[in-house]
Amino acid sequence: MIRKGLAGGSYKPLTPEAISKINETALRIIEEIGCEVNSDIALASMEKAGAIVNKKQRRVRLSPQKALELISKAPSEITLCGQDEKHDIHLGGNRVYTGTGGTALYIYEPHTDQRRQATLDDLKRIARLVDNLDNIHLFMLPTYPTELPLEQVDVNRFFAGLDNTTKHIMGGVYTHDGVQQVIRMAKIVAGSAEALRQRPLISMIACSISPFIIDGEYGDVMVAIAKSGVPLVCPAEPLCGATSPVTLAGNLVVQTVDSLMGVMLAQAVNPGTPVIFGSVATSTDLRDLKYIAGSVEMGLLNAAGAQMAQFYKLPFYATGGMTDSKALDAQSGYESSITGLLCALAGANFIHDAAGLMEFALTACYEKYVIDNEILGMVMRAVEGIRVDDETLAFDIIKEVGPGGNFVTAKHTRRFMRQEHYQPSLSDRNSREVWEARGKKTTWEMASEKVRTILDSHTGGLPDTVRSRILSEIKGIVD
Amino acid sequence: MIRKGLAGGSYKPLTPEAISKINETALRIIEEIGCEVNSDIALASMEKAGAIVNKKQRRVRLSPQKALELISKAPSEITLCGQDEKHDIHLGGNRVYTGTGGTALYIYEPHTDQRRQATLDDLKRIARLVDNLDNIHLFMLPTYPTELPLEQVDVNRFFAGLDNTTKHIMGGVYTHDGVQQVIRMAKIVAGSAEALRQRPLISMIACSISPFIIDGEYGDVMVAIAKSGVPLVCPAEPLCGATSPVTLAGNLVVQTVDSLMGVMLAQAVNPGTPVIFGSVATSTDLRDLKYIAGSVEMGLLNAAGAQMAQFYKLPFYATGGMTDSKALDAQSGYESSITGLLCALAGANFIHDAAGLMEFALTACYEKYVIDNEILGMVMRAVEGIRVDDETLAFDIIKEVGPGGNFVTAKHTRRFMRQEHYQPSLSDRNSREVWEARGKKTTWEMASEKVRTILDSHTGGLPDTVRSRILSEIKGIVD
Amino acid sequence: MPEDIIDLIRESVIQGRVTKDDEGLDEDMVGQPGMSELIEEALISGVDAQDIINQGLTAAMKIVGKRFEAEEYYIPDMLASAEAVGVAMEILEPELTRSGVKPKGKIIIATVKGDLHDIGKNIVSILLRGAGYIVKDLGNDIETKDIVKAVKKEKPEFLGLSALLTSTMVNMEDTIKALTESGLRDKVKIVIGGAPVSEEYAESIGADGYGADGFQAVAVVEALNSGTTGNK
Amino acid sequence: MPEDIIDLIRESVIQGRVTKDDEGLDEDMVGQPGMSELIEEALISGVDAQDIINQGLTAAMKIVGKRFEAEEYYIPDMLASAEAVGVAMEILEPELTRSGVKPKGKIIIATVKGDLHDIGKNIVSILLRGAGYIVKDLGNDIETKDIVKAVKKEKPEFLGLSALLTSTMVNMEDTIKALTESGLRDKVKIVIGGAPVSEEYAESIGADGYGADGFQAVAVVEALNSGTTGNK
């Protein structure tokens with residue numbers, strides 16, 4: 001039983017008044033402070049769409065009316081398609097999906113307690129692993145192949161994804177040319193440009209820089225993606241006390257403004273283009289200004305971000321489910337589950353980074369994907385909530401059983417036991433005696449066995465004709 | 001900065017309609033099915049209070065009007081006092097507190113990866129440990145001294161608590177005589193019977209047996225506690241598919257009925273006596289009918305239970321924060337945090353079992369108390385939520401900093417950084433380099449060091465005069 | 001034809017369906033013939049009762065057992081299967097008696113004095129019936145003297161005793177002593193179980209076997225019945 | 001009297017308060033004299049400037065450093081303290097010049113071409129000022145030729161270069177090459193830092209020192225200044 005796209009929203013960290021205040025403050029910033037746009041084409045697009053532009057300062061401001069008008073052009077529902085339709089994801093409302101994320105530079109290997117540089121081969125193997133983990137719904141390219149030159153990175157990352165899982169592929173992009181090549185590749189996989197428009201098999205991410213900067217290169221990339229019609233994610237990454245106020249409310253304001261800037265730019269370039277409001281907001285280690293990936297505040301910020309996205313009627317890309325631990329210890333368990341659960345209960349549409357990441361998102365780990373798959377299964381069961389109707393209240397069965405009776409033999413138990421209760425795929429529920437007899441395996445050791453089983457048995461890959469067409473038409477792919 | 005008694009309730013797993021349906025079904029069961037009461041004094045008290053009693057079947061039923069009338073006599077706010085006033089706990093509304101629980105028979109020692117039987121000395125040392133862990137607000141006696149004969153258990157457990165922590169002591173009781181002796185002891189500590197009534201330093205637990213049985217011995221004990229005026233917890237422990245329907249809604253109905261039975265009995269015996277509506281509801285391992293302590297469904301059941309308690313305007317005793325793992329691994333982290341967080345966000349007044357317990361609540365672990373103290377700190381920070389006002393939105397500071405600026409040097413950051421962000425007391429946020437240089441310690445190893453530091457430096461204990469009076473007046477205490 | 005119906009009987013055990021109105025584990029089984037209907041039909045068609053038992057019921061229960069070990073099946077699945085077998089055996093009994101086949105054995109089962117919960121004991125009863133035994137369930141909170149009385153009257157091959165609490169466990173020892181005093185101890189094999197009970201305890205009070213769970217209890221009875229010495 | 005006011009100056013550093021209107025780390029400090037007020041008062045009372053520096057400012061910064069190491073203090077606390085010291089030094093400067101005390105040294109600091117973020121560099125600036133250096137901050141995204149020009153004009157003892165991205169890190173090497181070509185390399189000690197920079201990289205491009213964080217950067221400058229060889 002796979003749980004995905006279930007409605008969250010039973011948890012609301014922000015009151016309606018708080019949402020209004022954040023919106024008002026964000027609109028006031030967009031009008032009074034504005035954003036520095038260092039891409040000429042982005043600046044021109046915004047001006048053409050009615051923004052107030054100070055060219056010398058490269059500053060773009062918008063009246064609240066204009067801002068809301070541009071935002072309202074963005075679709076509130078977006079389908080991200082998998083090569084296999086069963087993996088389609090319908091973002092919008094308060095429906096919840098999960099996925100991987102990155103971009104990690106290292107791989108942690110728990111057997112040796114060491115980390116090493118991530119390679120293209122790791123990316124392929126992680127794609128195969130995630131293809132088999134049901135509670136991870138989308139494959140966002142999680143690692144950076146450190147052995148490749150920059151100009152080969154984009155095509156190789158997306159090819160690794162498309163060739164090793166039939167789940168939707170989302171990814172960051174590094175060069176303008178890479179964007180074009182990757183879209184060309186996706187068209188070959190989809191069958192045609194029109195087929196890709198109908199069923200977007202890939203989506204791309206281009207960040208703004210908090211506070212209030214659209215970078216020259218990233219701005220160009222954003223415009224290129226928006227023009228292509230491929231779904232675009234516009235995340236902002238404000239860090240409390242570093243690139244945003246240290247207060248959570250202040251951080252939410254900066255995240256809202258920065259992500260809305262991307263949304264508005266995309267609509268200015270190509271009205272109606274699918275764009276996802278995104279947050280990578282988190283706290284900062286104020287001892288050394290490190291990005292913190294496992295704080296409870298990150299969960300609060302991204303849960304509240306989901307409410308802001310629902311307010312603007314935009315699909316939401318949240319960040320949660322990571323840990324700052326360097327090992328697969330208890331900390332890795334509680335940090336990943338707390339942030340993931342908060343986002344999901346609030347109805348965050350797509351929780352990215354929700355699997356496989358450790359130590360400030362610098363490092364990916366095979367075993368952690370399996371562990372997080374279990375956490376996400378529990379989280380999605382929490383999202384599903386409690387069904388209350390005559391059948392589940394079971395008055396008649398209760399009456400039949402009566403005081404002191406039991407329900408083990410009731411047909412009602414057998415009818416509902418598999419659907420009402422999450423079936424663990426990793427957690428150990430054996431008695432200590434049995435657990436000891438089976439070798440005293442801790443969570444990561446059991447995860448390791450599962451990694452091996454999956455990778456040894458995985459089959460699949462792009463059809464031969466598609467594969468060879470890509471290899472002949474797209475340059476730089478390392479097969 | 002200690003976070004306790006903060007208002008939860010931002011998470012609502014049950015809709016108002018669902019709450020109504022559960023209430024209606026529960027009242028219908030109380031009227032049509034009723035409860036088997038095997039204590040003569042309890043049966044007589046209920047009959048005197050207006051219940052419909054079938055003496056042959058020992059079956060007690062109440063009309064919805066009568067039931068609600070009895071429930072309404074219970075106070076909706078209860079203060080559980082510590083010997084030190086700073087530890088007072090004000091249960092009611094949707095305010096959240098956490099505490100230990102049990103009753104564990106074993107102690108797990110991670111250094112040897114073995115468990116051993118729990119002794120009275122463990123109980124004392126755990127009390128001292130918890131006295132120093134700020135995010136654990138109440139000390140519920142967590143272990144059973146396996147070396148003592150039954151008749152010495154009650155007095156020794158409560159003495160171990162009162163002599164080693166100034167937090168409130170809650171505990172299960174095993175004999176009718178024990179109840180009397182423990183109350184006598186508490187009067188000596190409080191100073192007088194009246195002082196104990198004014199400031200209840202202890203509270204007691206007496207369970208009903210799901211479905212719908214009040215046991216002979218437990219019924220007698222419930223009546224004795226209710227008469228004494230010491231706060232009484234009436235938990236019910238329905239297990240999905242075993243002692244309740246397998247559906248969560250059906251389980252909630254059984255839990256509601258069984259705990260309300262205890263509440264009504266206490267009010268029948270002594271109207272206005274402080275009584276806490278309690279849930280130990282959870283799922284069952286349907287491979288062997290084991291009580292499961294770390295399932296996400298347990299979190300959902302106890303979060304929903306909090307909403308039912310709020311509906312009846314009764315203080316609530318929830319169960320959450322445990323794990324079924326046999327080691328302090330990732331599973332122990334994610335299970336403990338998921339159930340704890342769900343209960344807390346829903347505004348469960350007192351989350352018991354929230355620290356120190358493993359493997360189906362059979363086993364306590366010193367290191368786990370320290371780990372759970374950290375999880376509960378994060379959980380309470382989540383409960384605190386997001387403060388949204390002009391000061392936290394920080395428009396002026398944002399305007400001053402402007403695009404591309406930073407907030408590290410802003411006074412606003414220094415003013416809010418310690419209060420807006422939870423300060424970890426255990427989690428490792430160092431880079432891998434630093435972490436490796438410091439010895440690659442995993443969570444439990446760091447927790448172990450903290451246990452040693454606390455136990456080596458703990459001071460305190462009952463005043464000598466009180467102590468010697470207890471030792472001379474109360475029999476059977478092993479000092 | 002006979003093979004087809006034996007296939008269906010096996011499937012009925014695996015799905016745990018007694019009548020055509022029962023749901024199975026798979027969806028959309030309601031309306032298809034269940035165990036009662038199938039056995040009646042098989043007997044009418046002249047299928048041999050021993051074949052039904054060996055190739056149908058016993059073979060199917062082996063599959064169910066394997067699925068349980070693989071954690072695909074839970075206790076309620078196992079119980080539904082055992083119940084279906086129990087119903088089949090009831091219908092087949094006159095036929096078996098007619099053809100001179102002896103039942104596997106009679107078992108008296110009880111939860112000892114002081115214990116109110118009886119889930120474990122009920123499961124064992126269902127599973128033993130599913131394994132082809134005649135089970136007489138005395139209930140729970142049973143006085144020692146009533147257990148002795150029942151053994152004297154029913155002359156069972158086995159006695160199963162269950163206790164849930166440490167405090168009531170002692171009543172098992174009392175029961176065995178009482179049977180010894182009545183001269184009945186040698187006439188019955190005693191198997192005990194329940195949360196606080198252990199292998200060591202069983203040995204210490206002189207029981208013949210111990211079952212850590214319902215399935216082990218059945219295995220122990222089967223072993224004692226075939227002459228081996230249980231799980232010792 | 002002088003000792004009392006030096007106590008207050010030390011406390012002002014520890015609390016990180018520049019004027020009487022500043023909050024400190026502890027509550028309810030607003031309204032009590034801050035660093036500016038205290039230094040003015042001390043000078044009027046005739047307290048020796050060198051004593052203020054040694055017994056007041058430097059002694060207090062050592063306490064702040066210890067609290068930072070113990071993780072009681074965070075960067076914003078450290079910065080507030082350093083800022084208070086910087087303000088004190090500014091007020092004391094004419095006095096020091098008058099009495100012939102030489103400043104510790106002049107430092108030019110810049111983030112190299114292509115890098116937009118300057119948090120790290122700003123922190124280093126504040127900390128260096130707090131340590132008593134004269135700091136000239138060129139800003140971020142600075143062309144190599146502008147850095148060379150500034151070194152030629154200002155004749156600093158130190159040059160600090162910062163890069164945040166791997167892709168802009170190469171501009172550090174270019175800057176060092178350009179200084180060598182201009183014959184200025186031997187006249188200035190170069191210390192580099194930033195997220196992608198490492199000890200090895202610093203050595204490979206011929207820098208004099210590397211600071212993993214702002215506090216290490218200051219330590220390296222201090223070491224180079226006192227003639228030891230930095231953190232090599």
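Hydrogens, waters and symmetry mates are skipped; everything else that's a heavy atom, side chains included, is used. Lettering follows sequence order; numbering is per chain, from 1.
- Both the backbone and the side chain of B:T442 have a heavy atom closer than 4.5 Å to some heavy atom of chain A.
- Side-chain atoms of A:E17 and A:S20 include no donor-acceptor pair closer than 3.5 Å.
- Residue with the most contacts toward chain B among A:K440, A:R414, A:R387: A:K440 (heavy-atom pairs, distance under 4.5 Å).
- Looking at residues two or more places apart in sequence or on another chain, you find a side chain to side chain donor-acceptor pair (under 3.5 Å) between A:E433 and A:S431, B:R115.
- Evaluation of the side chain to side chain donor-acceptor pair (under 3.5 Å) rule for A:R3 yields A:E384 as partners, not counting sequence neighbours.
- Residue with the most contacts toward chain B among A:L342, A:D285, A:L426: A:L342 (heavy-atom pairs, distance under 4.5 Å).
- More than 12 heavy atoms of other residues, nucleotides or ligands lie within 6.0 Å of CG in A:D389, so this atom counts as buried by the packing criterion.
- Ranking A:V253, A:V254, A:L328, A:I375 against chain B, the residue ahead of the rest is A:I375, based on heavy-atom pairs under 4.5 Å.
- Among A:S325, A:C35, A:G250, the residue with the largest count of heavy-atom pairs under 4.5 Å with chain B is A:G250.
- Contacts of A:L300 with chain B are made by both backbone and side-chain atoms, with heavy-atom separations under 4.5 Å.
- With a threshold of 4.5 angstrom between heavy atoms, A:T323 does not approach chain B through any atom at all.
- Of the two parts of A:W435, only the side chain, counted from C-beta on, holds a non-hydrogen atom closer than 4.5 Å to a non-hydrogen atom of chain B.
- Looking at A:D428 and B:K326, a side-chain N of the basic residue comes within less than 4.0 Å of a carboxylate O on the acidic one, giving a salt bridge.
- Ranked by heavy-atom pairs under 4.5 Å with chain B, the list A:R429, A:H412, A:M446 is led by A:R429.
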